[in-house]
Undergrad: 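The structure's right below; bear with me while I get my questions together.
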Amino acid sequence: MADPRLEILERRLANVRKIIAVSSGKGGVGKSVTSVVLALALRDRRFKVGLLDLDFTSPSTHVILGVRDLQPIEDYGIIPPVAGGLSYMSIVFYAFDNPAPLRGLDVSNSLIELMAITRWGELDYLIIDMPPGLGDATLDVIRLVKNISFLIVTTPSILAFETVKKLVNLLNSLKTPILGVVENMVMDDKGRIRGEVDKLGVRYLGEIAYDAGLEASMGSVEKLKGTRFYVSLERILKGLL
Amino acid sequence: MADPRLEILERRLANVRKIIAVSSGKGGVGKSVTSVVLALALRDRRFKVGLLDLDFTSPSTHVILGVRDLQPIEDYGIIPPVAGGLSYMSIVFYAFDNPAPLRGLDVSNSLIELMAITRWGELDYLIIDMPPGLGDATLDVIRLVKNISFLIVTTPSILAFETVKKLVNLLNSLKTPILGVVENMVMDDKGRIRGEVDKLGVRYLGEIAYDAGLEASMGSVEKLKGTRFYVSLERILKGLL
Amino acid sequence: MHEWALAEGIISKADRIAIENNLEITDIVIQIGELQQIDDEILQFALEQLRTDNMKKARFTLETIKAKLKCRACGEEWRLDLSSLDEESSEAVHFVPEMAHVYIKCPRCGSPDFEVLEGRGVWLASVRGVRKDG
Amino acid sequence: MHEWALAEGIISKADRIAIENNLEITDIVIQIGELQQIDDEILQFALEQLRTDNMKKARFTLETIKAKLKCRACGEEWRLDLSSLDEESSEAVHFVPEMAHVYIKCPRCGSPDFEVLEGRGVWLASVRGVRKDG
Ligand SMILES: Nc1ncnc2c1ncn2[C@@H]1O[C@H](COP(=O)(O)OP(=O)(O)O)[C@@H](O)[C@H]1O
Ligand SMILES: Nc1ncnc2c1ncn2[C@@H]1O[C@H](COP(=O)(O)OP(=O)(O)O)[C@@H](O)[C@H]1O
Ligand SMILES: [Mg+2]
Ligand SMILES: [Mg+2]
Ligand SMILES: [Mg+2]
Ligand SMILES: [Mg+2]
Ligand code: NI
Ligand code: NI
Ligand SMILES: [Zn+2]
Ligand SMILES: [Zn+2]
């Protein structure tokens with residue numbers, strides 16, 4: 001039996017110029033905050049930007065953005081609502097505040113279903129907030145989204161970086177493009193990660209300091225734009241464009 | 001066709017007095033450090049302790065413990081090697097430093113396979129370091145390990161706590177026992193999480209401050225035992241025993 | 001109305017099969033998992049509208065497959081009573097069938113950890129046609 | 001030698017079936033996925049040693065199932081040449097067959113994202129016996 005969803009998935013992304021998966025081997029390194037702020041910063045430069053949260057079992061971007069009372073519109077598929085100027089899609093539109101205990105197969109199916117029915121329209125950038133680890137979602141975007149590239153987030157900790165090495169190794173062996181590595185939550189810069197990233201043959205894009213003011217900005221796009229985190233990411237973005 | 005592994009899995013744990021899954025909805029909250037330090041602290045109280053790393057796609061406990069050149073022994077199954085006084089089992093004994101791109105189904109199969117062949121022998125405690133999220137590993141330990149209880153780790157961040165609420169909700173609906181919640185990486189105590197945990201009807205076990213000295217202790221059991229993290233967890237443990 | 005999106009996928013897949021095998025398609029059978037509660041009138045209408053030149057006279061047959069679930073925790077197998085879902089949950093499962101794990105529990109043990117044995121999604125079950133000349 | 005652990009599982013499952021159905025087991029068929037490279041002599045020996053009273057004269061038949069893999073990225077299907085694995089990788093896959101995703105890549109596109117269609121694990125394929133009196 002043929003799965004008709006795979007047939008349209010690619011077409012749904014046909015008018016998206018650049019697709020960036022924000023990823024890491026590890027959780028808690030700042031993928032979600034980076035995804036949101038990256039999307040907002042691109043939007044501030046007048047790009048048309050979409051944000052897709054693929055961390056189905058622990059979605060965070062809706063909390064960071066402060067999304068409330070929004071819902072996609074059903075129209076020959078579904079049209080993502082706009083949050084903070086971004087075309088925004090998340091499983092929380094369907095799971096709400098309930099736990100979503102999804103096995104890998106369910107994650108894969110949900111991802112395919114959502115991507116097959118979501119009509120992004122024309123976008124300059126689609127930013128995808130990935131779940132941690134090298135599981136179904138990561139393997140599926142690599143396999144199904146042809147022109148994807150990865151932005152990797154790490155912290156200065158050896159625990160995070162060990163998993164990042166594995167992710168780089170995997171992406172390299174699959175010839176999936178890596179934009180580079182962002183070092184987040186830097187407290188006292190020792191330059192260790194920069195050297196390690198160089199050794200991997202991957203671009204070190206810059207660092208984002210630990211920002212004690214970030215937590216108080218959660219849920220407000222305006223406040224997020226006033227954080228040091230935002231300023232740091234802006235600087236990194238300059239080197240990326 | 002019948003799967004003979006499920007038949008023996010339970011028996012392998014028959015002589016383990018207490019099994020604790022260290023879990024969280026979210027990554028990067030300190031599950032792995034908590035697992036290792038909890039296991040070491042129990043061991044210091046003369047208990048027989050095992051540590052099982054079930055975060056197959058981004059294992060960390062071997063880095064925290066500084067495990068090197070160890071390998072299980074094959075003997076009517078496999079016997080976990082001893083690291084820092086703990087009977088220790090991790091997928092890195094088989095994947096080494098390579099990336100392990102496993103879909104949920106593979107995670108589930110690996111977990112069942114490992115648990116079916118590992119002979120823990122007599123243990124007072126088996127600590128299980130869980131991957132983030134509500135996926136295959138979490139659903140499998142709930143389903144397959146009858147006398148398991150969960151120790152939940154959160155940070156003070158709303159992002160972490162939102163996912164912890166979902167985990168609590170899931171465990172409650174399955175009547176899986178929750179030992180309580182540990183609040184990790186506390187910087188300036190506002191007591192917010194304690195209040196929220198109370199509201200969930202779950203025990204607040206205590207807090208662990210952000211410990212700038214932790215990173216330098218990675219890979220050395222001796223150094224870990226000298227950290228403020230260890231002292232805080234010791235205090236929490238007193239309330240648990 | 002996201003039935004149109006699903007119809008698009010079906011037509012496109014069938015069209016590709018037609019091209020690859022040089023077929024004039026006469027019959028297309030589509031299986032619809034009950035879980036997703038597709039509006040088959042809308043789907044049928046969408047298929048008619050979207051049909052391509054390679055399937056000008058094709059007949060679309062829609063078959064609904066009953067949902068059958070099996071609990072991974074206790075082994076219970078059951079057929080779903082979809083009317084037990086409230087509107088919001090029902091809508092969610094309509095768009096993303098896996099949301100079943102959010103809104104449905106095993107009737108025996110209460111676990112959301114079940115397998116959908118049958119009745120998930122929309123599938124192109126078979127395509128028949130006659131070979132075109134040349 | 002972890003074949004003993006697998007034998008233990010097989011015997012215990014078969015014994016449970018015997019008890020539940022009040023059977024004296026005569027035949028047990030076990031399928032062994034090639035991927036796991038089980039030593040069938042050791043497994044056979046272990047089974048003989050571990051047999052219970054409900055299967056005193058049972059014959060154990062071991063069937064090896066060839067490994068067949070299918071790439072999720074490019075669709076390639078292939079049979080595995082296990083001799084291409086070095087000793088360390090081979091050992092790893094012996095204990096945890098999923099380590100195939102660490103050491104084996106699709107021969108066409110290089111992806112580790114493949115499905116093991118056949119030839120994984122050890123399964124109790126069938127148990128036959130005669131009903132006991134009483
Ligand atoms: N630069 C930073 N300074 C302070 N806190 C940060 C920073 N980056 C991320 N955080 C916090 O760290 C936690 C993890 O971030 P998150 O984006 O959710 O990570 P991930 O998506 O990788 O799991 C969150 O509580 C977030 O607010
Ligand atoms: N109390 C703490 N103080 C300082 N750093 C911590 C503390 N707890 C954890 N960390 C660090 O935070 C990161 C995430 O911890 P880890 O145990 O790997 O989390 P998880 O297993 O939940 O992903 C690691 O770099 C770890 O060293
Ligand atoms: Mg995240
Ligand atoms: Mg961890
Ligand atoms: Mg399912
Ligand atoms: Mg597999
Ligand atoms: Ni619809
Ligand atoms: Ni062996
Ligand atoms: Zn059940
Ligand atoms: Zn391939």
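Reminder, nothing fancy here: chain letters follow the sequence lines and each chain counts from 1. These values consider heavy atoms only, across backbone and side chains, with no hydrogens, waters or symmetry-generated copies.
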Undergrad: Let's test your reading of the structure: which of B:L114, B:I8, B:I78, B:I91 forms the most heavy-atom pairs below 4.5 Å with chain D?
TA: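 With the most close heavy-atom pairs to chain D, the winner is B:I8.
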
Undergrad: Considering only NZ, NE, NH1 and NH2 on the basic side and carboxylate oxygens on the acidic side, decide whether B:D106 and B:R103 come within less than 4.0 Å.
TA: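 No, this pair does not count.
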
Undergrad: Among side-chain atoms of B:T61 and B:D129, is any donor-acceptor pair under 3.5 angstrom?
TA: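 No.
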
Undergrad: For B:P101, is it the side chain, the backbone, both or neither that has a heavy atom under 4.5 Å from a heavy atom of chain D?
TA: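 The answer is both parts of B:P101.
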
Undergrad: Check each atom of B:R119 against the heavy atoms of chain D and say whether the ones under 4.5 Å are side chain, backbone, both or neither.
TA: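 No part of B:R119 comes within 4.5 Å of chain D.
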
Undergrad: Specify which of B:L6, B:N98, B:L9, B:V107 makes the most heavy-atom pairs with chain D at under 4.5 Å.
TA: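 The answer is B:N98.
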
Undergrad: Taking D:E118 first and then D:K66, would you say they form a salt bridge - that is, a charged N and a carboxylate O separated by under 4.0 Å?
TA: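 No.
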
Undergrad: Does a salt bridge link D:E98 with D:R120, judged by any charged N lying under 4.0 Å from a carboxylate O?
TA: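 Salt bridge between D:E98 and D:R120, a charged N being under 4.0 Å from a carboxylate O: yes.
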
